[in-house]
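Beneath this line is the structure, given in structure tokens, with notes to follow.
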Amino acid sequence: MSTSHLLLCFFVIFVARVISDPDPLQDYCVAAPQGAHTIFVNGAPCINPANAEPSHFTTSALSKSGNTAANPLGFNVTLTNIRNLPGMNTLGLTMARVDIAGNGLVPPHTHPRASEVTILVKGSLLVGFVDTTNRLFTQQLREGDSFVFPKGLIHFLYNLDSKAPALAISGLTSQNPGAQLASSATFTTKPSIPDDILKKAFQINGQDVSRIRKNLGG
Ligand SMILES: *[C@@H]1O[C@H](CO)[C@@H](O)[C@H](O)[C@H]1NC(C)=O
């Protein structure tokens, strides 16, 4: 192997290390229930491994469909987390169940700490992400198709069918992926981003700002 190959190899290993949660130093770290915290770590502290049970590694959290009716955009995301699946603590992953009503939309958003792979279980979806050069990568998914959203990039999922609901299951490469909606992160922050900033950033007037805020429930 040449020096340049070796360097490339090290670089790839370095990048792979940077893009996922830290590796656990033990087989597992079943998350201790909240309230039991006397120390804080990057993640949740573990229970005594001798007290770990198979039930810590299983969940029915994704078995039931989320209610999409309450959301004006018609989507509902159900996540695994250290409360409903304590055995996933420190393992660097999360699963999500995404229910989307007819013509429902999971609006443009990012996960600052995770890449995401989605498999469309039911229905038809138009999905896409935007890279840092503002190039849009979009694809129409049929049942059984998968799509990946690279870490940190803005992406969306839209149900093309006006009636039939869609169901997608996602895997994310962090136990705490985080989610930031482009619309809420600009127009419904607390406290509000000053109007002058939004007017200039989006090249709109004060009435536009108020209307968008109101429409988004801000
Ligand atoms: C998502 O669905 C669950 C289960 O029906 C419901 O409890 C929750 O309120 C819904 N979330 C939103 C934001 O509508």
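For clarity, every value in this text was computed on a predicted model and none was experimentally measured. For ligands, and for the atoms within them, numbers begin at 1 and follow the listed sequence.
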Among F149, F129, F137, find the one that has a ring-ring contact (aromatic ring centres under 6.0 Å, His included) with H155.
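So the option named by the test is F149.
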
Atom 4 (C) of ligand 1: nearest protein contact (heavy atom, Å):
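Nearest protein contact, heavy atoms only, for atom 4 (C) of ligand 1 is N67 N, 3.9 Å.
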
Closest candidate by heavy atom, reference atom 6 (C) of ligand 1, pool N76, N71, L73
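Checking each option, the heavy atom nearest atom 6 (C) of ligand 1 is found in N76.
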
Find all atoms of ligand 1 within a distance of less than 4.0 Å from any non-hydrogen atom belonging to G66, and give their numbers and elements.
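Heavy-atom distances to G66 below 4.0 Å select 2 (O).
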
Closer than 4.0 Å to some heavy atom of A70 - which atoms of ligand 1 meet that?
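With A70 as reference, the close atoms of ligand 1 come out as 14 (O).
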
Protein heavy-atom contact under 4.0 Å for atom 13 (C) of ligand 1?
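It does not; no protein heavy atom is within 4.0 Å.
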
Apart from L25 itself, which Ile, Leu, Val, Met, Phe, Trp or Tyr residues share its cluster (side-chain heavy atoms under 4.5 Å, direct or through members)?
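Under the 4.5 Å side-chain rule, L25 groups with nothing.
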
Could you give all pairs that pass the disulfide bond (SG atoms under 2.5 Å apart) test and reach residues 46-141, with sequence neighbours left out?
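For residues 46-141, and leaving out neighbouring residues, the disulfide bond (SG atoms under 2.5 Å apart) pairs sorted by first residue read C29-C46.
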
Using distance alone, with no hydrogens and no angle criterion, decide if E116 and S170 have a side-chain donor and acceptor under 3.5 Å apart.
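Yes, S170 and E116 have a side-chain donor paired with an acceptor closer than 3.5 Å.
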
Should we count CD of Q26 as having more than 12 external heavy atoms under 6.0 Å?
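More than 12 within 6.0 Å, yes.
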
